[in-house]
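Each ligand, and each atom within it, is numbered from 1 in the order the structure gives. As the structure is a prediction and not an experimental result, all values here were calculated from the model.
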Amino acid sequence: MSERTFSIIKPDAVRKGVTAAILAQIEEAGFKIVAIKRASISRAQAEGFYAVHAGKPFFAGLTEFMSSGPIFPMVLEKENAIADLRKLMGATNPAQAEEGTIRKKYAESIGENAIHGSDGEETATFEIGYFFAGIELK
Ligand code: ATP
Ligand code: MG
């Protein structure tokens, strides 16, 4: 059955001008782009999005980075979308990411790692709702 996941092209990738290259790789892997927009989020909005990480040592850096420039939040659809996007992204730390993955190709560091992908069904539902209204998701 087809499944939806949530993703963000992060500020480092947008600054580098690799948004379209990443989108092409996502489409080539069989994902349908259900919704996408350009957005800039505040520090508080980034803190709300990453609330599960509040209190961790990297939280301040992460939320500062995610609010440092434009991002492209999007909803993707395909069979097994959640797990398959995580595979396509590669490991959180690009130094450990497999060859050919998005993070291996485009990410600089564990803190600035090009792309976000939901890690489970509940997270995907929360994250899609954080950025998109139901009317945008037909
Ligand atoms: P994301 O949630 O962005 O898709 P992820 O699921 O691979 O990434 P998480 O464990 O959810 O990784 O961490 C969220 C983000 O916090 C990571 O993408 C990374 O940028 C940052 N982060 C995680 N661990 C560290 C760390 N040890 N040092 C610096 N930043 C980190
Ligand atoms: Mg995560």
I'd like to know if Phe72 and Phe131 are part of one continuous hydrophobic network [Ile/Leu/Val/Met/Phe/Trp/Tyr, side-chain heavy atoms within less than 4.5 Å].
no

Step by step, work out the salt bridge (Lys or Arg N to Asp or Glu O under 4.0 Å) result for Asp84 and Lys87.
CA-CA 5 Å; Asp84 284 0; Lys87 234 179 282 165; 3.6 Å; yes

If you look at every heavy atom in Ile82 and Arg4, which pair is closest and at what distance?
CG1-O, 3.9 Å

Is the Phe132 ring parallel, tilted or perpendicular to the Phe6 ring (thresholds 30°, 60°)?
perpendicular

For a 4.5 angstrom cut-off between non-hydrogen side-chain atoms, does Thr63 reach His53?
no

Side-chain touch Val75/Thr5, heavy atoms, less than 4.5 angstrom
no

Heavy atoms under 4.0 Å from ligand 1: which residues qualify?
Lys10, Tyr50, His53, Phe58, Leu62, Arg86, Met89, Thr92, Arg103, Ile110, Gly111, Asn113, His116, Gly117

